[in-house]
Amino acid sequence: MPELKDFFSQMNKFPCPELFETHLEGYDDLENIWDVIKRIQKGFVEKNVKPQILGTIEEGAHIRNIDQIYLGKGSVIEAGAMVCGPAIIGENVEIRHGAFVRGNVIICDNAVVGHTSECVRAIYMPGAKSPHFNYVGDSILGSNVNLGAGTKLSNLKHDGTHVTMMLEGKKVDTGMRKFGAILGDNCQLGCNSVCNPGTIMESNCMLYGCASIQGYFLHGSRIKLRQNTVVVPPRN
């Protein structure tokens with residue numbers, strides 16, 4: 001599997017770079033890329049947030065645990081959005097009307113959490129966007145990732161067992177009950193697509209609309225849904 005730097009080219013702009021260090025006191029070593037999410041699940045954001053409001057919270061926005069929120073310059077939490085700490089939100093971020101930021105998130109500069117989009121235990125690298133009707137749970141969005149309207153990153157299996165991955169023909173237990181997706185830089189996901197638990201895409205992948213996928217996809221993959229369309233003439 002490629003290294004973190006091969007997925008994410010703008011780690012130098014990340015507000016807490018120690019999250020990506022192989023050895024970090026109080027956390028397991030990074031052996032697999034999804035181990036970053038384990039650190040988020042173990043409370044990394046709460047331990048590292050330096051609360052301060054430098055951006056704008058519009059009247060009508062709902063804020064919970066404001067003493068655990070950092071909001072950078074130029075960022076806006078619009079009326080009708082709800083943001084729960086702990087959260088680290090960078091500069092020029094848009095948290096749009098109807099968005100729900102459930103906590104334990106790091107949202108980097110110029111990212112977007114849009115209308116009726118929900119995120120929890122998630123990382124948005126610079127310029128990542130979940131702009132319309134999206135769910136982002138226990139996931140990482142690389143720089144300039146865009147989720148089409150209605151795209152969901154599912155993070156929990158129906159039976160509640162650990163999420164597994166197929167890597168190089170071998171089944172790997174991630175040790176995680178909740179694990180959504182890891183999307184490298186510039187991945188583009190079409191409208192109403194679904195990434196089932198344990199989906200990993202290297203950078204520059206494209207997922208076509210309405211597809212439902214799970215697995216590991218190499219750099220630049222184009223993933224399409226094949227279906228037959230049948231047109232039935234009207235009845236007399």
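Taking each heavy atom of M165 and T199 in turn, the nearest pair found is SD-N, 4.4 Å. Heavy-atom minimum distance, S143 versus M125: N-CB, 3.5 Å. Taking each heavy atom of V49 and E46 in turn, the nearest pair found is CG1-O, 3.7 Å.
No side-chain heavy atom of V45 sits under 4.5 Å from any side-chain heavy atom of V105. Side-chain contact between Y70 and P86: absent, with no pair of heavy atoms (C-beta onward) separated by less than 4.5 Å. Residues L167 and I200 have side chains not in contact (no heavy-atom distance under 4.5 Å, counting atoms from C-beta outward). Inter-residue side-chain proximity for M201 and L207 is flagged as met; some heavy-atom pair is nearer than 4.5 Å. Residues N104 and F44 are not in side-chain contact: their nearest non-hydrogen atoms beyond the backbone lie 4.5 Å or more apart. Residues L30 and N32 fail the side-chain proximity criterion, which asks for heavy atoms closer than 4.5 Å. Counting heavy atoms from C-beta outward, N48 and L19 have side chains that stay 4.5 Å or more apart. Looking only at side-chain heavy atoms (C-beta outward), C108 and P15 come within less than 4.5 Å of each other.
Here K47 contributes atom NZ and R39 contributes atom CZ; the two are 11.0 Å apart, rounded to the nearest 0.5 Å. Distance check, rounded to the nearest 0.5 Å: CZ of R64 to CZ of R102 gives 10.5 Å. Rounding to the nearest 0.5 Å places CD1 of I40 at 8.0 Å from OH of Y27. Summarising the geometry, atom CD1 belonging to I57 is positioned 4.5 Å from atom CD1 belonging to I63; distances are rounded to the nearest 0.5 Å. Atoms CE and CZ, from M206 and F217 in turn, are 14.5 Å apart once rounded to the nearest 0.5 Å. In this structure, S221 OG and E202 CD are separated by 7.5 Å, a value rounded to the nearest 0.5 Å.
With hydrophobic clusters built from ILVMFWY side chains whose heavy atoms lie under 4.5 angstrom apart, I95 does not share a cluster with V120. Cluster annotation: I140 and M11 are assigned to the same hydrophobic cluster (Ile/Leu/Val/Met/Phe/Trp/Tyr, side-chain heavy-atom contacts under 4.5 Å, transitive).
Within the 3.5 Å criterion, the main-chain N or O of F8 finds no donor-acceptor partner in the side chain of Q10. Using a distance-only test at 3.5 Å, with no hydrogens or angles considered, no donor-acceptor pair links the side chain of T116 to the main chain of G98. Without hydrogens or angle criteria, D185 side chain to S9 main chain gives a donor-acceptor distance under 3.5 Å. N192 contributes no side-chain N or O that, together with a main-chain N or O of C210, makes up a donor-acceptor pair within less than 3.5 Å. Under a 3.5 Å cut-off, the side chain of N186 and the backbone N or O of S203 do not form any donor-acceptor pair. Checked by atom type and distance alone, the side chain of Q214 pairs as donor or acceptor with a backbone atom of P197 at under 3.5 Å. Side-chain atoms of Q41 come within 3.5 Å of backbone atoms of K178 as a donor-acceptor pair (strictly under, hydrogens ignored). Checked by atom type and distance alone, the side chain of D159 pairs as donor or acceptor with a backbone atom of T161 at under 3.5 Å. Put simply, the side chain of T164 never gets that close to the backbone of K171: no donor and acceptor are under 3.5 Å apart. A distance-only check finds a donor-acceptor pair linking the side chain of S139 to the backbone of G137 [under 3.5 Å].
Scanning for side-chain contact (heavy atoms from CB on, under 4.5 Å) contacts around N110 gives N92, with sequence neighbours left out.
Ring planes of Y216 and F7: perpendicular class, angle over 60° (limits at 30 and 60°).
Tested against V113, the residues I77, I107, I89 include a single side chain to side chain contact (heavy atoms under 4.5 Å, CB included) partner, I107.
The six-membered or imidazole ring of H115 lies away from that of H132, with a centre-to-centre distance of 6.0 Å or more.
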